[in-house]
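Down below is the structure, laid out as structure tokens.
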Amino acid sequence: MKTFVEKHIVDLLKTGDERAIGLLYDHYAPALYGVAIKVTHDEELAQDVLQESFVKIWKNAHKYDADKARLFTWLFRVVQNTAIDKVRSRKRKMNKEVQTDDSNVYHLQSTSLAIEHMDLQEHTDGLEDKYRVVIDALFFQGMTQQEASDELNIPLGTVKSRLKIGLRELRKLFGVLFLMISVL
Amino acid sequence: MSDRVSQFLESDLLERYLMGATSPMESQEVEYFVAKFPEVKTTYNELQENLENYAASYAVDVPGDLRAKILKQTKAKPKRALPLLAIAACTIATLFGLVAMMIYNQNQELLEDRKFTSNLLENLNDDIVSNRQMLQSVEEQFMILNNTATQKYILKGNNRANRLEAVAYINELEKRSYVHVNTLPELPDEQVYQMWASVDGKLVPLDILKVTKDNLVEIPYEERMASINVTIEPKGGSKEATKANEVATIKFDQEQQIPIP
């Protein structure tokens, strides 16, 4: 269900009202920055990604179709694609430089999780790792299902079923959370 | 829930669509199902919400200065590609239109020129035909005049028309006759000079006399012409000669008969 804020932001975007960017940033920047970090594994690069993504979002606001996707889904795809492009571009520049073991490890040493999202983090922690790695590979690493199958060394059919079940599990986890919020 | 919807939901199309990993045809299929079946739409919305929540669970505080940088970069209004393309398309269309109009105008001018040239050629052809006919006529006249069988007769008016002066050329072999009128005294508008041939004692009308200056005018040839007579007749000529109005006559057995040299 679309929130009032989301509708308002979409209206402002459609009319080219600059206030849209401020509102977009205030409501979505932490989540989108988190996506950028998960894809790039590099805070500095993730900041570039976020900056570039917002410019793209602003320039292509007229292309957004609310009937096809929620605003966040569209924003997520812009950030995800921008981040994947940046990572690929950086990899090309490194000219097959030997990667250290640490380079593939996701560290968040100086970055703190946004406080208001801590509850969500707790709930996603409830998601089994076998589903999490598949969802992360497909949504945050920009892999195709085949690439995820090769990379994670699991059959393609298993990737598909884990994606499906993982997303369904998320529905359950968030369902409980929203139920709790509504009770409180 | 219909089998079709169940099959669709069991496939991974919706999940892949969410990931942006569907082909254009698959995307169309998904969009059709989302628009047509409420249960698909609900599932799709749930997936989107889950993605948002899942991503939000990894939300990270953004460094403070980034907001100002982004707002500064997006200060100008978004420039849509469409107006630029539209302007380019309009410019090209206008140029194309102008060129087309120019070509059309040039074509019209060329058509006009062609029409004018055709008319000119037609007129020139007519002139050529006319000149040929004239030349042929002159050649014929020249041939007749040079023919030894052609006789020349000088017609002079009497006291009623003493300024009348004409020359008649008669060729009995070719059976052709011509007249060349040098001068004619003026007559009232309702009167003309008419030429007659005397044949077997009767005057046969030949032609109305007019000043011909440099040209010979062929007149009807009559067999057994004994004389040529000129009378004054009412305008349009008469069928019967008015003998009382005779102003000139020449008899062929007289001495005025002068052979052409």
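Chain identifiers are assigned alphabetically (A, B, ...) following the order of the sequence lines, protein sequences preceding nucleic acid strands; residue numbering begins at 1 within each chain.
Ranked by heavy-atom pairs under 4.5 Å with chain A, the first of B/Pro63, B/Ala35, B/Ser27, B/Gly20 is B/Pro63. Contact count against chain B (heavy-atom pairs under 4.5 Å) is highest for A/Leu138 among A/Val35, A/Leu138, A/Leu32, A/Leu75. Residue with the most contacts toward chain B among A/Glu52, A/Lys63, A/Arg168, A/Gln145: A/Gln145 (heavy-atom pairs, distance under 4.5 Å). Comparing A/Asp26, A/Thr144, A/Asn81 by heavy-atom pairs within less than 4.5 Å of chain B, the highest count is held by A/Asp26.
Here the OG1-CG distance, from A/Thr73 to B/Leu51, works out to 6.0 Å after rounding to the nearest 0.5 Å.
Residue contact with chain A, scored on non-hydrogen atoms closer than 4.5 Å, involves the backbone and the side chain of B/Tyr17 alike. The contact between B/Leu18 and chain A is made by backbone and side chain atoms together, counting heavy-atom distances below 4.5 Å. For A/Phe76, the part sitting under 4.5 Å from any heavy atom of chain B is the side chain, from C-beta outward, and nothing else. Both the backbone and the side chain of B/Gln48 come within contact range of chain A, each with at least one heavy atom under 4.5 Å from a heavy atom of that chain. With a threshold of 4.5 angstrom between heavy atoms, B/Leu47 approaches chain A through side-chain atoms but not through N, CA, C or O.
When all heavy atoms of B/Glu52 and A/Tyr28 are compared, the closest pair comes out as OE2-CE2, 3.8 Å.
Under the 6.0 Å distance and 45° angle rule, B/Arg67 does not count as a cation-pi partner of A/Tyr33.
Proximity of A/Leu167 to B/Glu15: side-chain heavy atoms (C-beta onward) are separated by under 4.5 Å at one or more points. Side-chain contact between B/Leu71 and A/Phe54: absent, with no pair of heavy atoms (C-beta onward) separated by less than 4.5 Å. A/Gln47 has its side chain out of reach of B/Lys69: every pair of non-hydrogen atoms, C-beta onward, lies at least 4.5 Å apart.
A salt bridge does not link B/Glu10 with A/Lys164: none of the charged nitrogens is closer than 4.0 Å to a carboxylate oxygen.
No donor-acceptor pair closer than 3.5 Å links the side chain of B/Tyr58 to the backbone N or O of A/Ile37.
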Exercise for review: Apply side chain to side chain contact (heavy atoms under 4.5 Å, CB included) to the pair A/Tyr25 and B/Val62, showing each step before the final yes or no.
Suggested key: CA-CA 10 Å; A/Tyr25 189 92; B/Val62 189; 3.0 Å; yes

Practice item. Show your working on side chain to side chain contact (heavy atoms under 4.5 Å, CB included) between A/Arg70 and B/Glu49 and close with a plain yes or no. Key: CA-CA 8 Å; A/Arg70 280 175 61 120; B/Glu49 280 169 25; 3.2 Å; yes

Practice item. Give the intermediate values and the outcome of side chain to side chain contact (heavy atoms under 4.5 Å, CB included) for residues A/Asp67 and B/Glu31. Key: CA-CA 9 Å; A/Asp67 292 333; B/Glu31 282 157 17; over 6 Å; no

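Heavy atoms of other residues, nucleotides or ligands lying less than 6.0 angstrom from CD of B/Glu186 number 12 at most.
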